[in-house]
Amino acid sequence: MSLTKYNEKRSFDDTPEPKGGKSKTGQLIFVIQKHDATRLHYDFRLEMEGVLKSWAVPKGPSLNPADKRLAMMVEDHPFDYKDFEGIIPKGNYGAGTVIVWDYGTYTPIEPVRSKKEAEKLLLKQLAAGSVKIVLNGKKVKGEFALVHTKGRGDSAWLLIKHRDKFARETDITSKDKSVISGKTIAKMERKPDRVYGQKASGVQKKAAAPVKAKAKAELKEATAAPKAKRPVKKKAPSIAKLPDGAIKRTMPKTVSPMLATLVDKAVEEPGWVYEVKWDGYRAVSLCKTDQVELISRNNKSFNEKFYPVHDALRALGRDAVLDGEITVVKSDGVSNFGALQNWRSEADGDLVYYVFDVLWLNGYDLMELPLTKRRELLHPLLPEEGIIRESQSFDVPPGELLAAAAELGLEGIIAKKGDSNHPYLHTAHG
């Protein structure tokens with residue numbers, strides 16, 4: 001496929017947009033970028049034959065089958081555009097701010113046996129003006145159709161959600177953060193990752209930081225020593241209602257968490273998220289307001305042994321079952337298992353309880369929800385500071401993250417399948 005139109009519209013001395021790139025996986029990818037240009041819109045892109053077929057969707061995607069979203073087809077974009085976010089400077093085509101609002105893999109609705117067969121079918125559907133696909137993203141999932149309309153010009157299509165288990169009437173565009181950087185459009189404008197300025201503007205060009213350096217910086221922030229002297233700040237959960245899949249059920253009396261499996265090679269497939277592999281004791285907390293049982297993976301009580309964690313959980317006052325890991329953190333943020341084994345009091349080091357999952361909440365079993373949904377519910381439950389901390393996840397290539405972890409002296413990383421409804425589908429990379 002040709003990128004002639006794409007290249008003609010851009011001056012690469014003045015814009016940070018990518019020029020090329022090739023797919024390295026056996027799956028087709030899609031990306032939806034939120035683009036605040038002359039008008040705010042969403043760019044919907046599907047990989048086909050090495051490029052991204054692209055449509056500008058003014059109102060953004062909808063999960064409501066009753067909505068028929070206008071989608072104006074634009075020029076093909078290079079494959080590497082899937083990761084682009086930042087600021088396109090004034091005077092350039094499409095000037096404005098871009099974030100990666102959603103991404104994932106996709107397939108034709110009709111069964112196929114290979115990527116090549118899928119692309120052949122999709123290109124045939126594209127030429128016929130009716131593309132029927134299944135999206136597997138972080139925000140957008142299920143069956144969709146792109147239908148070429150008549151009477152609105154050659155570029156006008158409609159993006160329509162099929163009625164399936166992922167159909168919703170709620171506005172999915174209210175989820176306004178990037179799935180890569182976690183930034184909103186406004187935050188990206190204030191602190192862009194990439195912005196190139198024209199010479200005439202007097203703004204100096206600034207290259208994006210190397211991925212490894214970014215990974216190292218994010219890991220250092222995630223493992224920073226806790227501010228133990230600061231009081232715990234309670235935050236009310238911003239949960240209007242629990243997602244479909246939550247089951248009303250009494251709190252379990254005990255939980256046996258799945259343990260990680262050690263492998264030699266990092267998972268490079270779409271849909272995986274990565275966390276630090278903490279060198280500590282796995283601990284599940286069964287919280288009923290101020291009544292808390294903190295138990296080991298072997299169902300032994302940690303209430304007395306790690307009393308600061310137990311006291312902090314009681315102070316939170318949640319009705320929840322949380323899964324995490326207790327560590328002793330040194331001044332450089334690296335956990336120390338030997339110090340944890342010998343811990344008797346605060347004089348032996350700072351305890352941190354890194355929480356990475358919520359399994360039950362306010363009378364509902366969450367174990368059938370995808371991990372990404374559980375993580376969304378977990379975030380508002382935890383304090384901003386103190387010894388209870390959320391174990392952050394990273395959308396950084398795992399190879400780069402592993403290299404950065406090794407430089408910082410961390411044990412490794414954990415990979416988790418974001419769309420899995422298994423409560424603990426973890427794989428460790430040492």
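For reference, positions follow the sequence shown, starting with 1. Note: hydrogens, waters and symmetry copies are ignored here, and every other heavy atom, side chains too, is used.
Contact annotation: the side chain of Asp83 never approaches that of Val100 to less than 4.5 Å [non-hydrogen atoms, C-beta and beyond]. Between Ile413 and Lys277 the shortest side-chain heavy-atom distance does not fall below 4.5 Å. When side chains are defined from C-beta on, Asp43 does not count as touching Val98, because their heavy atoms never get closer than 4.5 Å. Side chains of Leu313 and Tyr353 form a contact here, defined as non-hydrogen atoms less than 4.5 Å apart. The shortest side-chain heavy-atom distance between Ser178 and Met188 does not fall under the 4.5 Å cut-off. Two residues are said to be in side-chain contact when any heavy atoms from C-beta on lie closer than 4.5 Å; Ile326 and Leu351 meet this criterion. Put simply, the side chain of Glu47 reaches to within 4.5 Å of the side chain of Phe79, judged on heavy atoms. At a threshold of 4.5 Å between non-hydrogen side-chain atoms, the residues Ile29 and Ser23 do not count as touching.
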>> Assess the residue pair Ile387 and Val309 against the criterion (side chain to side chain contact (heavy atoms under 4.5 Å, CB included)); give the C-alpha distance rounded to whole Å, side-chain angles, the decisive distance to 0.1 Å, and a yes or no.
In response: CA-CA 7 Å; Ile387 66 174; Val309 175; 4.2 Å; yes

> Step by step, would you call Val57 with Ile32 a side chain to side chain contact (heavy atoms under 4.5 Å, CB included)?
Replying inline: CA-CA 10 Å; Val57 185; Ile32 304 174; over 6 Å; no

> What's the verdict on side chain to side chain contact (heavy atoms under 4.5 Å, CB included) for Met73 and Lys53, showing C-alpha distance, side-chain angles and the deciding distance?
Replying inline: CA-CA 8 Å; Met73 196 170 191; Lys53 293 292 181 182; 4.2 Å; yes

>> As a quick check of understanding, evaluate side chain to side chain contact (heavy atoms under 4.5 Å, CB included) for Gln33 and Phe84, giving each step before the final call.
In response: CA-CA 8 Å; Gln33 282 153 316; Phe84 173 69; 4.0 Å; yes

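Between Arg344 and Asp348 the shortest heavy-atom distance is N-OD2, 2.7 Å. The two atoms that bring Ser285 and Leu294 nearest to each other are CB-CD1, 3.9 Å, heavy atoms only. Taking all atoms of both residues into account, the shortest heavy-atom contact from Lys161 to Ser62 is CB-O, 3.5 Å. Of all non-hydrogen atoms in Glu368 and Gly245, the two that sit nearest each other are CB-O, 3.8 Å. Here the closest heavy-atom approach between residue Ser301 and residue Glu293 is recorded as OG-OE1, 4.5 Å. Here the shortest heavy-atom pairing between Asp102 and Lys138 reads OD1-N, 2.9 Å.
The line from OG of Ser335 to OH of Tyr354 is 8.0 Å long, rounded to the nearest 0.5 Å. Separating the OG1 atom in Thr97 from the CG atom in Leu40 is a distance of 10.0 Å, to the nearest 0.5 Å. Distance check, rounded to the nearest 0.5 Å: CG of Leu377 to CG of Leu366 gives 6.0 Å. Distance check, rounded to the nearest 0.5 Å: CG of Asn298 to OG of Ser256 gives 8.5 Å. Here the CG atom belonging to Asn64 is positioned 10.0 Å from the CG atom belonging to Asp171, to the nearest 0.5 angstrom. Once rounded to the nearest 0.5 Å, the distance linking CG of Leu52 with CG of Asp80 reads 9.0 Å.
Residues Lys141 and Asp164 are not paired through a salt bridge, judged by the lack of any N-O separation under 4.0 Å between the basic side chain and the carboxylate. A salt bridge links Arg249 with Asp365; the closest basic N to acidic carboxylate O contact falls under 4.0 Å.
Screening Arg282, Arg374, Lys416 for a salt bridge (charged side-chain N to carboxylate O under 4.0 Å, His left out) with Asp357, the sole residue that qualifies is Arg374. Remark: of the listed residues Leu322, Asn299, Ile295, Thr254, Ile295 is the sole one forming a side-chain contact (heavy atoms from CB on, under 4.5 Å) with Val284. Each of Val321, Thr250, Val255 was scored for a side-chain contact (heavy atoms from CB on, under 4.5 Å) with Trp360, with one residue passing: Val321.
Among residues two or more places apart in sequence or in another chain, the salt bridge (charged side-chain N to carboxylate O under 4.0 Å, His left out) test is passed with Glu325 by none. Remark: Lys68 pairs with Leu158, Ile160 by the side-chain contact (heavy atoms from CB on, under 4.5 Å) rule, at least two apart or across chains. In this structure Arg375 satisfies the side-chain hydrogen bond (donor to acceptor under 3.5 Å, both in side chains) test together with Glu275, Glu390, sequence neighbours excluded. Applying the side-chain contact (heavy atoms from CB on, under 4.5 Å) criterion to Asn336, with sequence neighbours excluded, gives Lys330, Ala339. Evaluation of the salt bridge (charged side-chain N to carboxylate O under 4.0 Å, His left out) rule for Glu75 yields Lys9, Arg10 as partners, not counting sequence neighbours. Qualifying salt bridge (charged side-chain N to carboxylate O under 4.0 Å, His left out) partners for Arg113, counting only residues two or more places apart in sequence or in other chains: Glu117. Residues forming a salt bridge (charged side-chain N to carboxylate O under 4.0 Å, His left out) with Glu376 (at least two apart in sequence, or on another chain): Lys175. Among residues two or more places apart in sequence or in another chain, the side-chain hydrogen bond (donor to acceptor under 3.5 Å, both in side chains) test is passed with Lys34 by none. Partners of Lys187 by side-chain hydrogen bond (donor to acceptor under 3.5 Å, both in side chains), not counting sequence neighbours: none found. Partners of Arg168 under the side-chain hydrogen bond (donor to acceptor under 3.5 Å, both in side chains) rule, at least two apart in sequence or in another chain, do not exist in this structure.
Tyr81 and Tyr6 have perpendicular rings, their planes meeting at more than 60° on a 0 to 90° scale where under 30° would count as parallel. Using a 30° and 60° split on the angle between ring planes, His41 and His35 fall in the tilted class, from 30° to 60°.
Open room surrounds NZ on Lys132; 12 or fewer heavy atoms of other groups in view lie less than 6.0 Å from it. Within 6.0 Å of CD on Gln341 lie more than 12 heavy atoms contributed by other residues, nucleotides or ligands. For Lys59, the NZ atom is loosely surrounded, since the number of other residues' heavy atoms within 6.0 Å does not exceed 12.
Annotation: ring-ring contact (aromatic ring centres under 6.0 Å, His included) contacts involving residues 50-70, sequence neighbours excluded, comprise Trp55-Trp157. Sequence neighbours left out, not one pair with a member in residues 158-184 passes ring-ring contact (aromatic ring centres under 6.0 Å, His included).
With hydrogens and angles disregarded, no donor-acceptor distance shorter than 3.5 Å links the side chain of Asp290 to the backbone of Gly317. At least one donor-acceptor pair closer than 3.5 Å links the side chain of Lys139 to the backbone N or O of Trp101. A donor-acceptor pair under 3.5 Å links the side-chain atoms of Lys115 to the main chain of Thr25, judged by distance alone.
When only modelled atom types and interatomic distance are considered, Thr15 and Asn92 share no side-chain donor-acceptor pair under 3.5 Å.
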